[in-house]
Amino acid sequence: MAATGKDIDQAAAILQMGGLVAIPTETVYGLAANAFDGEAVVKIFAAKNRPAFDPLITHVADTDQLAPLVSHMPAAARQLMQAFWPGPLTLVLPKTHLMNDLVTSGLPTAAFRQPRHPLLQQLLSILDFPLVAPSANPFGYVSPTTPQHVEAQLGDKIDYILDGGPCQIGVESTIVGFEGEQPVVLRLGGLPVEDIEQVAGAVKVKPHSTSRPQAPGMLESHYAPQACRVVVGDLAHLIKKYRQHKIGILSFSRKYPDYPNFVLSERGDLNEAASRLFSALRWFDRQQLAYLLAEPVPDTGLGRAINDRLRRAAT
Ligand code: TXA
Ligand code: MG
């Protein structure tokens, strides 16, 4: 069991001594360590069973803390930061020597984000270092959106869980990298592509790099429940095909009372659906099913990130 509470002084003290603290963000819970402390960073990889080739996101208090860590700032990056920080947007930027190679898996770039959760903002403001934090789940599993999710999976491996309540957005941040000066979406997430395009113009979206991924967390079979196979498609069709097995139904807004069923948003709201998605996947994991049948949601706004996670859960 990890101690859990809202004590940012205790969280800060643990981080200063090189310990691990689970932190709330507006997207998902993170597993945080001092970005400048190599030994602490190594503990994150060990606790998550995460391969060393999968780099971490560095969470900064503000753009002043970011400046010395970045060697070149594309104009579009500056515009996106102004428009969406603090918030669910991670930017991949060329790094300076101050960024530890353990954090970036030896890449010449590093991923940065200024989070919006008030408790985490307070914590960052009293620390004199940024926090690296991957999602606080074992590698390959669904990200946690409540302190209870963190406790259930990593409670014995971390020193403290900072309780910021359930995450408001519920899917991970959108990751944007740059090809030259041109922004490219590397992971669909909590900031809709439409919002990015309003600021930066049309952007390329290429989150499905599977062979040599630019964002290794984007390997297939990520975000998968472990106890059943996930199939995504038209529910009427899938129910016909799989009904002789033990099935559960993940639906967008319609109810399926004949089966174990989780409705993402009865009022058909994509933001609500995103905030409930990972809890839904965890719930199905406990239902002892052979197959989880899921339907895609409308492919706009946060719907794109939801469909992306469903597709990955299905591989
Ligand atoms: O919402 C979020 O982003 C959450 C919260 C805790 O901030 N964090 C999160 O971290 O989702 P993680 O480690 O689960 O995913 C980070 C992703 C990984 O897929 C990693 O490969 C990618 O960021 N990444 C990190 N540095 C990168 C880099 N230099 N170039 C490309 N991708 C990078
Ligand atoms: Mg993750």
Side-chain angles (χ1 to χ4, degrees), residues 20-33 35 41 44-45 47-60 69-71 84-95 99-117 120-121 123-124 130-145 149-150 153-154 162 164 167-179 184-191 206-210 212-224 274-275 278 302 305 308-309 312-313:
L20 302 185
V21 172
I23 53 166
T25 86
E26 70 277 30
T27 57
V28 300
Y29 271 76
L31 180 59
V41 173
I44 290 185
F45 285 91
K48 276 190 60 118
N49 204 6
R50 180 178 176 114
F53 61 73
D54 194 3
L56 306 177
I57 296 177
T58 299
H59 297 69
V60 294
L69 309 178
V70 172
S71 64
F84 301 117
W85 277 15
L89 170 68
T90 294
L91 296 173
V92 175
L93 299 166
K95 67 172 189 179
M99 289 302 296
N100 195 316
D101 274 337
L102 292 166
V103 171
T104 63
S105 305
L107 291 173
T109 54
F112 298 98
R113 131 173 150 81
Q114 184 189 3
R116 192 169 68 199
H117 194 291
L120 175 55
Q121 287 181 326
L123 174 63
L124 284 167
L131 291 175
V132 282
S135 51
N137 51 280
F139 183 69
Y141 196 70
V142 178
S143 296
T145 54
H149 292 167
V150 179
Q153 290 190 307
L154 292 178
L162 187 61
C167 298
Q168 182 211 338
I169 294 175
V171 291
E172 302 86 349
S173 61
T174 301
I175 302 182
V176 172
F178 295 85
E179 289 178 352
V184 179
V185 173
L186 301 176
R187 177 174 74 182
L188 295 164
L191 181 67
K206 48 176 212 179
H208 287 285
S209 37
T210 45
R212 257 200 98 252
Q214 280 199 49
M218 297 293 84
L219 293 168
E220 291 190 7
S221 90
H222 222 62
Y223 311 102
S275 73
F278 290 156
L302 289 193
D308 173 80
R309 301 305 186 267
R312 285 174 204 289

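Throughout, residue positions are numbered sequentially from 1 according to the sequence presented. Predicted model only: the values in this text are computed from it and were never measured. Note that ligands are numbered from 1 as they come in the structure, with each ligand's atoms numbered from 1 the same way.
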Is it true that His59 lies under 4.0 Å from ligand 1, counting heavy atoms only?
yes
Using a cut-off of strictly less than 2.8 Å, determine whether Ser143 has an N/O/S atom near the Mg ion (ligand 2).
no
Distance filter under 4.0 Å to Ile175 heavy atoms, resulting ligand 1 atoms
17 (C), 22 (C), 23 (O)
Please work out, at 4.0 Å between heavy atoms, whether the side chain, the backbone, both, or neither of Thr109 comes within that distance of ligand 1.
both
Do the side chains of Phe84 and Thr174 get nearer than 4.5 Å, heavy atoms only?
no
Looking only at distance, does Arg50 have an N or O less than 3.5 Å from an N or O of ligand 1?
yes
So for ligand 1, is Tyr29 a polar contact partner (N or O within less than 3.5 Å, distance only)?
no
Side-chain ion pair, Arg113 and Glu26, N-O less than 4.0 Å
yes
Give the atoms of ligand 1, by number and element, whose distance to some non-hydrogen atom of Arg187 is under 4.0 Å.
2 (C), 3 (O), 9 (C), 11 (O), 15 (O), 16 (C), 17 (C)
Find all atoms of ligand 1 within a distance of less than 4.0 Å from any non-hydrogen atom belonging to Leu107, and give their numbers and elements.
28 (C), 29 (N), 30 (N)
Is there a side-chain contact between Phe139 and Pro51, using heavy atoms and a 4.5 Å cut-off?
yes
When you compare the side chain of Val92 with that of Phe178, does any pair of heavy atoms fall below 4.5 Å?
no
Would you say Asp101 has more than 12 foreign heavy atoms packed within less than 6.0 Å of its CG?
yes
Is it the case that the side chains of Thr27 and Glu172 hold a donor-acceptor pair, with the cut-off being a distance below 3.5 Å and no angle test?
no
Numbered in order shown, the ligand 1 atoms found under 4.0 Å of a heavy atom of Pro134 are 10 (O), 12 (P), 13 (O)
By number and element, which atoms of ligand 1 are closer than 4.0 Å to a non-hydrogen atom of Ile57?
3 (O), 8 (N), 9 (C), 10 (O), 16 (C), 23 (O)
Option among Thr104, Val70, Asn100 that satisfies the side chain to side chain contact (heavy atoms under 4.5 Å, CB included) test with Lys95:
Thr104
Just wondering, do Leu20 and Leu31 contact through their side chains at under 4.5 Å, heavy atoms?
yes
Just distances here: any N/O of Lys48 and N/O of ligand 1 closer than 3.5 Å?
no
In terms of atom number and element, which parts of ligand 1 are under 4.0 angstrom from non-hydrogen atoms of Gly30?
6 (C)
Would you say the side chain of His149 lies within less than 4.5 Å of the side chain of Tyr29, judging by non-hydrogen atoms?
no
For ligand 1, indicate whether the residue Leu56 contacts it via side chain, backbone, both or neither (heavy-atom separation under 4.0 Å).
backbone
